[in-house]
There are 2 protein chains.
Amino acid sequence: MSTGSSTGSGAGEGALPRRATISDVAREAGTGKTSISRYLNGELAALSPDLRARIEAAIQRLDYRPNQMARGLKRGRNRLLGLLLADLANPYSVEVLQGVEAACHALGYMPLICHAANEIDMERRYLQLLTTYRVEGVIVNALGVPESMLKPMASGGIPAVLVDRTVDGLDADMVGLDNAAAARLGVEHLLEHGYDDLVFVVQPFEQVSSRREREAAFRAFAQGTQGAQGVQNVRATTHVLDLHEDASIDASLAALDAHIADAARRGARCALFAANAPVALRLALHLKACFGAQWQQHAALIAIDDPEWAALAGITTIRQPTREIGYRAVEFLHERIEGVALATRAAAFPGELIVRASTLG
Amino acid sequence: MSTGSSTGSGAGEGALPRRATISDVAREAGTGKTSISRYLNGELAALSPDLRARIEAAIQRLDYRPNQMARGLKRGRNRLLGLLLADLANPYSVEVLQGVEAACHALGYMPLICHAANEIDMERRYLQLLTTYRVEGVIVNALGVPESMLKPMASGGIPAVLVDRTVDGLDADMVGLDNAAAARLGVEHLLEHGYDDLVFVVQPFEQVSSRREREAAFRAFAQGTQGAQGVQNVRATTHVLDLHEDASIDASLAALDAHIADAARRGARCALFAANAPVALRLALHLKACFGAQWQQHAALIAIDDPEWAALAGITTIRQPTREIGYRAVEFLHERIEGVALATRAAAFPGELIVRASTLG
DNA sequence: CTGTTAGCGCATTCAA
DNA sequence: TTGAATGCGCTAACAG
């Protein structure tokens with residue numbers, strides 16, 4: 001809009017494109033760099049009131065900001081934490097991120113957020129980059145193979161904590177959902193409501209520990225409860241849906257349709273159990289395409305994760321305490337950075353069942 | 001799970017917690033630091049094949065990674081770009097972020113992502129922090145007042161580009177949606193489909209340029225089209241909904257309900273026009289609470305932004321080319337960093353109308 | 001082609 | 001209480 005000229009407020013020096021350094025401040029205050037440094041680091045006890053005032057004034061006048069890079073270089077710690085996220089489009093990641101930010105905030109770290117966008121190359125590249133920026137620790141929600149992270153991090157002595165999923169060869173601190181309990185929560189809810197044909201829908205899960213655990217727990221509980229709950233002959237099957245593979249996705253959905261149709265024919269009550277939000281969304285979209293706006297009447301749906309739109313679509317979910325997960329991850333990391341060398345720990349948070357219309361058919 | 005001991009692969013030195021430096025590499029390769037530096041910076045022409053090989057070997061052996069901090073300190077540029085996002089829970093932000101990442105990737109920058117989480121203090125703090133880390137430029141999707149950013153950035157000579165919203169006193173490059181055209185697209189669609197009572201629902205918009213522009217355009221087009229399109233007597237009103245103010249939100253929604261009820265009584269066809277996705281979600285949730293699953297039959301809804309769940313809920317939207325917006329922002333910034341000192345520019349991208357059930361009632 | 005020298009901005013000995 | 005000197009890891013003049 002405006003193309004006018006406007007220069008800063010306060011002490012306008014024009015716009016010299018060079019920030020003041022500690023030396024500038026020292027000169028301006030008529031003292032040595034050491035005192036400035038002391039002031040910056042809060043060693044106020046060792047400064048005469050007069051000098052201190054002069055320093056404050058000088059800093060103000062020059063709008064001085066200490067260079068974190070130089071600082072980090074000298075002290076060997078730069079207060080940077082790497083946060084590697086597999087997929088920011090997944091609300092889960094964003095929520096974990098919020099917890100991480102809160103904790104970083106409280107503990108004096110700056111999170112360096114890296115988004116792998118489901119690309120394994122990205123993941124590897126970012127891990128290298130983080131090494132290069134000498135982050136003091138990394139929080140990893142990985143997609144990839146072990147070697148991709150073992151090498152750069154462990155070999156550099158950079159502590160890591162895993163979120164939601166473990167990495168094969170590596171034993172590091174780990175924090176996430178109590179998958180077994182969550183799966184059980186879902187299964188029990190479905191059984192209580194009379195569903196007897198349960199289909200667990202999950203992305204390819206061999207590589208991702210949380211998916212593996214959820215699937216295993218789903219099967220264990222669905223089959224182990226045979227005859228209990230007053231429900232006889234419960235069917236429990238697992239369906240793989242690869243969201244990033246356009247080729248296979250249609251076939252997989254078609255198979256699912258067949259399953260649903262068959263259940264209807266048999267008079268069975270079929271319920272879909274989505275392993276996470278992205279799967280749930282894909283399923284809901286598909287069901288809507290098949291059955292129209294009233295799809296809820298044709299197939300029940302429950303999901304782990306509780307994205308905002310779940311309430312709108314009326315989908316029963318198992319919510320994860322995502323903020324806490326992120327927060328705890330930073331706490332773990334912080335302890336390791338501070339040198340506490342305990343055995344590797346794991347924190348598994350419980351999920352919370354939120355009942356909505358999609359399982360009350 | 002496992003608490004076993006596992007040490008790295010390759011050349012296992014145990015786990016000395018100190019990374020190799022350029023000096024280490026020089027010693028290992030039996031040469032001076034300069035040659036290493038040259039190798040790192042791709043000045044391969046100035047290295048004998050022999051030396052070059054020795055360097056490569058040494059780097060390999062030590063698993064050496066140049067320290068970006070030290071590098072940046074020396075050269076005065078660290079390849080860091082600040083990205084300040086008002087709200088990552090808004091899918092818009094995530095999508096812009098993806099564009100930013102892609103561009104950073106291509107241009108050799110590392111984005112330093114900061115999330116203000118709708119808190120104005122956060123915004124200010126992060127802006128200071130970015131200054132402190134000496135980022136070479138910032139991309140800002142701001143919520144705050146002008147002074148909060150004018151001071152740290154402009155005074156530090158750090159170029160900035162604004163996304164989606166301008167900042168009052170500041171004239172910087174700017175990229176976002178063509179708000180006027182987008183609003184027009186929506187209004188025309190509604191009029192074509194016979195809606196004659198249009199309500200624009202928007203968060204408090206005095207402070208945010210994009211909201212202001214959308215609202216203004218909405219009014220201009222809705223009223224300017226009087227009598228055209230075969231529609232007579234179109235009503236166009238604006239409704240403010242403060243999503244972050246629990247106190248006022250209920251009252252605002254109640255007023256909206258009254259408006260809708262009144263329209264029904266008059267036999268008018270009422271349509272809600274949400275200024276962005278968060279507003280749309282809130283509206284949809286409310287309508288669902290009021291009218292049940294069949295809310296679509298009671299009130300039409302259209303929104304700017306096209307989040308994933310819009311398809312599921314069947315909501316007509318105007319999609320922004322978010323990736324492009326993010327990408328272009330980085331390009332603008334890059335040019336400024338490279339010293340091109342043109343007049344400030346603005347890029348306004350067109351939106352795309354996506355018709356769904358919510359406006360076909 | 002290669003190595004030596006001198007800082008980048010800062011924190012930290014060590015003296016004064 | 002204060003300041004001068006040293007070096008973090010790296011790049012950029014300069015010489016050889």
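The chains referred to below are lettered A, B, ... by the order of the sequence lines, with proteins before strands, and numbering in each begins at 1. Values below: all heavy atoms of this structure, side chains included; hydrogens, waters and symmetry mates excluded.
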**Request:** Would you please confirm or rule out a distance under 4.0 Å between OP1 or OP2 of C:dG3 and any side-chain N or O of B:Ser35?
**Result:** yes
**Message:** I'd like to check the side chain to side chain contact (heavy atoms under 4.5 Å, CB included) partners of A:Arg75; sequence neighbours left out, ordered by chain and number.
**Reply:** A:Asn41, A:Arg71, A:Arg77
Answer yes or no: is there a side-chain heavy-atom contact under 4.5 Å between [X] and [Y]?
{"X": "B:Val100", "Y": "B:Ile139", "answer": "yes"}
{"X": "B:Ile113", "Y": "B:Glu101", "answer": "yes"}
{"X": "B:Tyr64", "Y": "B:Glu28", "answer": "no"}
{"X": "A:Leu84", "Y": "A:Leu127", "answer": "yes"}

Round to a whole Å and report the spacing from [atom1] of [X] to [atom2] of [N].
{"X": "B:Leu47", "N": "C:dT2", "atom1": "CG", "atom2": "P", "value": "6 Å"}
{"X": "B:Tyr133", "N": "C:dG9", "atom1": "OH", "atom2": "P", "value": "18 Å"}
{"X": "B:Arg77", "N": "D:dC10", "atom1": "CZ", "atom2": "C1'", "value": "16 Å"}
{"X": "A:Met69", "N": "D:dG7", "atom1": "CE", "atom2": "P", "value": "25 Å"}
{"X": "B:Tyr39", "N": "C:dG3", "atom1": "OH", "atom2": "P", "value": "16 Å"}

**Item:** All salt bridge (charged side-chain N to carboxylate O under 4.0 Å, His left out) counterparts of B:Glu324, not counting sequence neighbours
**Value:** none
**Message:** Using a 4.0 Å heavy-atom cut-off to protein, can you give one letter per nucleotide of nucleotides 10-16 of chain C, 5' to 3': B if the base is in contact, S if only the sugar-phosphate is, - if neither?
**Reply:** BBB-B--
**Request:** Among residues two or more places apart or on two chains, list those pairs meeting side-chain hydrogen bond (donor to acceptor under 3.5 Å, both in side chains) that have a residue in residues 47-57 of chain A.
**Result:** A:Tyr39-A:Glu56, A:Asp50-A:Arg54
**Prompt:** What pairs of residues pass the ring-ring contact (aromatic ring centres under 6.0 Å, His included) test when at least one of them lies in residues 111-138 of chain A, not counting sequence neighbours?
**Reply:** none
**Item:** Axial bend angle, the helix from C:dC1-D:dG16 to C:dA16-D:dT1: five-pair end segments, nearest 10°
**Value:** 40°
